[in-house]
Amino acid sequence: MSKTEFIVIRHGETAWNALSRIQGHLDSPLNEEGLGQALMVGECLGHESFSTLYSSDLGRALQTVQPIADRTGHEVVREPRLRERHLGVFQGLTGMQCERDYPQEYARFKLRDPEHVVPGGESVRQLFERVSALFVELANRHPGERIVAVTHGGVLDALHRFAGNVPLDRQRDFPIYNASLNFILCEDERWSIERWGDITHLTRDATLDDF
């Protein structure tokens, strides 16, 4: 029997998150709230056992992963495939600006058409294929281990759909919180969501044993 456990974490809140500005592959630093969230994630995971610490190579993820590495001593393995969806011409804009400047493209984007490629960016399906292939690879690389990965909201959306067998065109009906802990299990090539959107650690001192 082969089993790999994943704790997948969204980065802390950024300046652009607070302004509802689309980031994609562009970057915005963690704001004061996000820096505090990152410290609480580090505190929560600091006494837990896991074998490898992965992170997206975008700055906001690296800021979030650093307190974990500081507490546990793990080397951070930078993995570009954990990057947010590339959102092309929408990057750096708010939703209102996208609707004004790219009304047709933004309307298709909002409909979650899996095949729609944002100009200069990725489609929902391309993101899903990138994310699902990566996590299958990691499960095969780390049998019997527990893995921690810091990533982005779009990646978590794709991972939830992969592990939960949720259609790509269905509107999201599950939360994706900044600095949330999301627990995924791969056991004998079967994927399941063990716990999702856990932010208990952001409201009080806690370890995973408390959840």
Side-chain angles (χ1 to χ4, degrees), residues 1-12 37-38 40-42 44-58 60-62 64-65 67-69 72 74 76-85 112 114 122 124-202 206-211:
M1 178 180 293
S2 174
K3 179 171 74 172
T4 305
E5 297 176 277
F6 294 91
I7 305 173
V8 189
I9 303 161
R10 186 185 178 196
H11 62 79
Q37 291 170 341
M40 285 186 276
V41 170
C44 179
L45 294 180
H47 304 290
E48 301 304 324
S49 176
F50 58 92
S51 63
T52 311
L53 180 58
Y54 287 94
S55 177
S56 158
D57 61 350
L58 295 177
R60 56 195 185 273
L62 294 173
T64 304
V65 80
I68 304 173
T72 67
H74 283 81
V76 176
V77 181
R78 300 188 183 194
E79 173 51 77
R81 289 173 291 176
L82 285 170
R83 284 187 177 195
E84 181 60 281
R85 178 183 173 188
R112 285 199 62 89
E122 288 179 287
V124 167
R125 188 171 303 281
Q126 287 170 333
L127 172 67
F128 178 84
E129 290 175 353
R130 164 162 63 91
V131 171
S132 57
L134 170 61
F135 277 86
V136 168
E137 179 182 314
L138 292 178
N140 290 331
R141 187 186 304 168
H142 298 283
E145 299 179 28
R146 190 188 219 187
I147 306 302
V148 172
V150 176
T151 186
H152 306 267
V155 172
L156 280 163
D157 180 274
L159 181 59
H160 189 288
R161 293 171 192 276
F162 172 62
N165 196 29
V166 177
L168 296 184
D169 59 355
R170 181 182 297 173
Q171 291 297 319
R172 184 188 300 164
D173 59 0
F174 48 89
I176 298 180
Y177 301 119
N178 285 111
S180 60
L181 306 182
N182 304 278
F183 297 79
I184 303 292
L185 177 66
C186 177
E187 188 167 13
D188 293 334
E189 301 183 355
R190 295 189 300 272
W191 292 80
S192 60
I193 299 168
E194 300 297 290
R195 188 158 72 251
W196 189 264
D198 201 322
I199 53 173
T200 312
H201 56 290
L202 301 183
T207 66
L208 296 186
D209 291 337
D210 295 322
F211 303 151

**Complete:** Separation between CG (Leu82) and OG1 (Thr151), nearest 0.5 Å, reads 4.5 Å
**Ile68 side, atom CD1; Leu53 side, atom CG - distance, nearest 0.5 Å** = 5.5 Å
**Asked** Is Asp157 salt-bridged to Arg112, going by a charged N under 4.0 Å from an acidic O?
**Response** yes
**Asked** Between Asn178 and Ser180, is any side-chain donor less than 3.5 angstrom from a side-chain acceptor?
**Response** no
**Asked** Can you find a heavy atom in the side chain of Thr52 that is under 4.5 Å from one in the side chain of Glu145?
**Response** yes
**Fill in**
Of all heavy-atom pairs linking Leu156 and Ile9, the shortest is CD1-C, 4.4 Å
**Residue from Phe162, Trp191, Tyr54, Phe183 passing ring pair (Phe, Tyr, Trp, His ring centres under 6.0 Å) with Phe6** = Trp191
**Prompt:** What are the two closest heavy atoms between Ser56 and Ala61, and how far apart are they?
**Reply:** CB-CB, 3.7 Å
**Message:** Is there a side-chain contact between Leu58 and His152 in this structure, where contact means two heavy atoms from C-beta onward sitting under 4.5 Å apart?
**Reply:** yes
**Message:** Looking at every heavy atom in both Thr4 and Pro143, which two are closest together, and how far apart are they?
**Reply:** OG1-CA, 3.6 Å
**Message:** Please report the interatomic distance NE2(His142) to SG(Cys186), rounded to the nearest 0.5 Å.
**Reply:** 12.5 Å
**Prompt:** Side-chain contact, heavy-atom cut-off 4.5 Å: His160 with Arg172?
**Reply:** no
**Prompt:** Taking the side chain as C-beta and beyond, is there a heavy-atom pair between Glu194 and Ile184 under 4.5 Å?
**Reply:** no
**Request:** Hey, could you give me the CD/CD1 distance between Glu5 and Ile147, rounded to the nearest 0.5 Å?
**Result:** 9.5 Å
**Message:** Could you check whether any side-chain heavy atom of His74 comes within less than 4.5 Å of a side-chain heavy atom of Phe50, counting everything from C-beta outward?
**Reply:** yes
**Request:** State the CZ-OG distance between Arg83 and Ser55, to the nearest 0.5 angstrom.
**Result:** 11.0 Å
**Item:** Which atom of Leu181 lies closest to which atom of Cys44, heavy atoms considered
**Value:** CD1-SG, 4.0 Å
**Message:** salt bridge (charged side-chain N to carboxylate O under 4.0 Å, His left out), that's the test. Do Arg81 and Glu137 meet it? Break it down for me.
**Reply:** CA-CA 11 Å; Arg81 289 173 291 176; Glu137 179 182 314; 2.9 Å; yes
**Request:** Look at the side chain of Asp198 and the backbone N and O of Thr200, then say whether any donor-acceptor pair between them is shorter than 3.5 Å.
**Result:** yes
**Asked** Considering only heavy atoms from C-beta outward, does the side chain of Phe174 approach that of Ile193 to under 4.5 Å?
**Response** no
**Prompt:** From His201 NE2 over to Ile199 CD1, what is the distance, rounded to the nearest 0.5 angstrom?
**Reply:** 8.0 Å
**Request:** For side-chain contact (heavy atoms from CB on, under 4.5 Å), just list the numbers for Ile176 and Arg10, CA-CA rounded to whole Å, side-chain angles, deciding distance to a tenth of an Å, and then say yes or no.
**Result:** CA-CA 8 Å; Ile176 298 180; Arg10 186 185 178 196; 3.8 Å; yes
**Request:** For Arg85 and Glu122, indicate whether the former's side chain and the latter's backbone hold a donor-acceptor pair under 3.5 Å.
**Result:** yes
**Request:** Output yes when a side-chain donor or acceptor of Thr64 lies under 3.5 Å from a complementary backbone atom of His11, and no otherwise.
**Result:** no
**Message:** Whether the side chain of Asp188 engages the backbone of Ser2 through a donor-acceptor N/O pair (distance < 3.5 Å, no angle test) should be reported.
**Reply:** yes
**Request:** May I ask you to check whether over 12 heavy atoms, not counting those of Gln171, lie within 6.0 Å of atom CD?
**Result:** yes
**Asked** Where do Leu127 and Gly154 come nearest, in terms of heavy atoms and distance?
**Response** CD2-O, 3.4 Å
**Fill in**
Smallest heavy-atom separation, Ala69 atom then Val76 atom, equals CB-CG2, 3.7 Å
**Side chains of Lys3 and Leu185 in contact at under 4.5 Å (non-hydrogen atoms)** = yes
